[in-house]
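Let me begin by presenting the structure, written as structure tokens, before commenting on it.
What you are looking at is a predicted structure, and each value in this text was computed from that prediction instead of being measured.
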Protein chains: 2
Amino acid sequence: MPQGEVTSGRRGKARSSRSVPSLQGLTEMAARERAYHDLRYRILTGRLAPGTTLLETELAALLALSRTPVREAVIKLEEEGLVEVRPRHGVTVKALSLQDFANILDVFSALEIRAFELSAERGLSPEQARLLDRMVEDMETATANGDIARWSDLDDEFHSEVVALCGNQRLQTALNAFWAQQYRARMMILPLRPLPEDSNAEHRAVLEALKLGDRALTRERHSAHRDRADKQQLALLRRSLGSSGLA
Amino acid sequence: MPQGEVTSGRRGKARSSRSVPSLQGLTEMAARERAYHDLRYRILTGRLAPGTTLLETELAALLALSRTPVREAVIKLEEEGLVEVRPRHGVTVKALSLQDFANILDVFSALEIRAFELSAERGLSPEQARLLDRMVEDMETATANGDIARWSDLDDEFHSEVVALCGNQRLQTALNAFWAQQYRARMMILPLRPLPEDSNAEHRAVLEALKLGDRALTRERHSAHRDRADKQQLALLRRSLGSSGLA
DNA sequence: TCCCGCGCCAATGTATACATAAGCCGACCG
DNA sequence: CGGTCGGCTTATGTATACATTGGCGCGGGA
């Protein structure tokens, strides 16, 4: 659970709340934070492959820290479900089975749908509506250009932006934790994805419902979107690996 | 996030997964676990009132431990949203505003509804159906006897039992975390609750849908149940305290 | 050759020591 | 008299030291 960037500004903008990329200020960070972000980054990007097992000592050496902050970081990662700690055997990067991934998507979708509902209920300001409109357009452009990676980023941003409007900080926090877990698998199947024509249409429909402030309609449409998208992702994953753990 | 009791048996029975009461084996437990459970217990039961602030040193003294395991426990409690750590000011038991409570219920309900859906999809075995039937009957008996406390316990068990059938461990874990948070407020308003005639009828309806294995129907009915129950709880809370933090 | 049991080693869990830096109070200056 | 600057105190964050316990391998016996 990554807490808010620096100090106050909880509710505020916090544009790109989902944080994998780049680890900008990796240095000059508190040791525990550094360990947490660094390890999380390595896991999400696959630099620490699932199944990898390291001793606390090794992790500490790897990060040039003592065991104390590393342990604390590991506790957080364990709560997030990214690693498993087996008392005499070190910490292992969890491998996600297809079943695990399905479970994660289930939780993630349930939460995200609720977040969308709440956002609909609160209503969009004109600027928010415009911003989201632009995002949908950008996604369509990316699709037209066949730029799936860019589309995927925008998709993330779109969902994340709507979630940010829901006004429930706890919901956002929970979503972030589960988002991290699905991210790994998402990246795996990226190149396999077909052009997301369906998603684009669904996004438009959902955004329409959001603009109307119609909670029930938003739920219905976003629910449909997630169901289809989740099923598609699972199918791709199943294809891309037998059904074993994934790298 | 309390991990599974001892070792394996993840999927298994795990009857009363929700654990506040009694702290049976408080002694002879690992220090970190002890600290975690002990503090959690004190917070949930109100022995550590919201707003209470203690230094790490004081907590350590309180539990007769060194700071290390206490810190680790505190990290977990912070992730769970039960305490707040302000670097030079100690750890504070979070006070729940009405808004916080509403947020918690929102997340909790979203997750629980999904869990019920999944359970419906998987279907109930005859024994499971019978067990749940008996629980509903017991609740009705408790209502008839005006024993609200017992009813509340059974209600918890009923929900928890259905959730346990959903087959998604991550979902269960997330639910447990949020369950802890709503528990505090639940206990506060217990004496104010009217006899839960509505809930009993709704339970029957939901159970009926579960037995049919009808996912959509289950979602609809349980969703209705949660909406009404949540609104009622919020109303009671609002009545019972202005709108400030709660003890 | 296979199985059982003992003993060593090392990884973790806990305690403690130490450095850092933030808050607070007092004093001094305007 | 009020405000601000500076130093002290102390809570935290990190490192390290220490004890425990469980795993694993080796040896002996069947």
Here the distance between atom C1' of C:dT14 and atom CG of B:L65, to the nearest Å, is 9 Å
From C-beta outward on B:A30, which listed nucleotide comes closest to its side chain: D:dA15, C:dT14, D:dA11?
C:dT14
Using whole Å, what does the distance between atom C1' of nucleotide C:dG13 and atom OH of B:Y36 come to?
19 Å
For the pair made of CD in B:E56 and C1' in D:dT10, what is the distance, rounded to whole Å?
13 Å
How many whole angstroms separate atom CZ of A:R88 from atom P of D:dG25?
15 Å
Does A:R67 get its side chain close enough to the base of C:dG13, under 3.5 Å, for a donor-acceptor pair?
yes
Please give, in whole Å, the distance from D:dT10 P to B:L54 CG?
18 Å
Distance in angstrom units between B:E33 CD and C:dG13 C1', rounded:
12 Å
Applying side chain to side chain contact (heavy atoms under 4.5 Å, CB included), run through A:I113 and B:R114 and close with a yes or a no.
CA-CA 11 Å; A:I113 290 167; B:R114 177 64 63 125; 3.7 Å; yes
A:R71 has its side chain closest, among C:dG13, C:dT16, C:dA22, to C:dG13
Sort out for me which residue in A:K76, A:R71, A:R32 forms a salt bridge (Lys or Arg N to Asp or Glu O under 4.0 Å) with B:E72.
A:R71
Need to verify one output field. Residue with the more 5' nearest nucleotide on DNA chain C, B:H89 or A:T57?
A:T57
Under the side chain to side chain contact (heavy atoms under 4.5 Å, CB included) test against B:R42, which residue among B:T52, B:L62, B:V93 passes?
B:L62
Please give, in whole Å, the distance from D:dG23 C1' to A:L55 CG?
12 Å
Establish, with yes or no, whether the OP1 or OP2 oxygen of D:dT14 is under 4.0 angstrom from a side-chain nitrogen or oxygen of A:T68.
no
Distance in angstrom units between A:R32 CZ and D:dG13 P, rounded:
6 Å
Assess whether a salt bridge exists between B:K94 and B:D100, defined as any Lys/Arg side-chain N lying under 4.0 Å from an Asp/Glu carboxylate O.
no
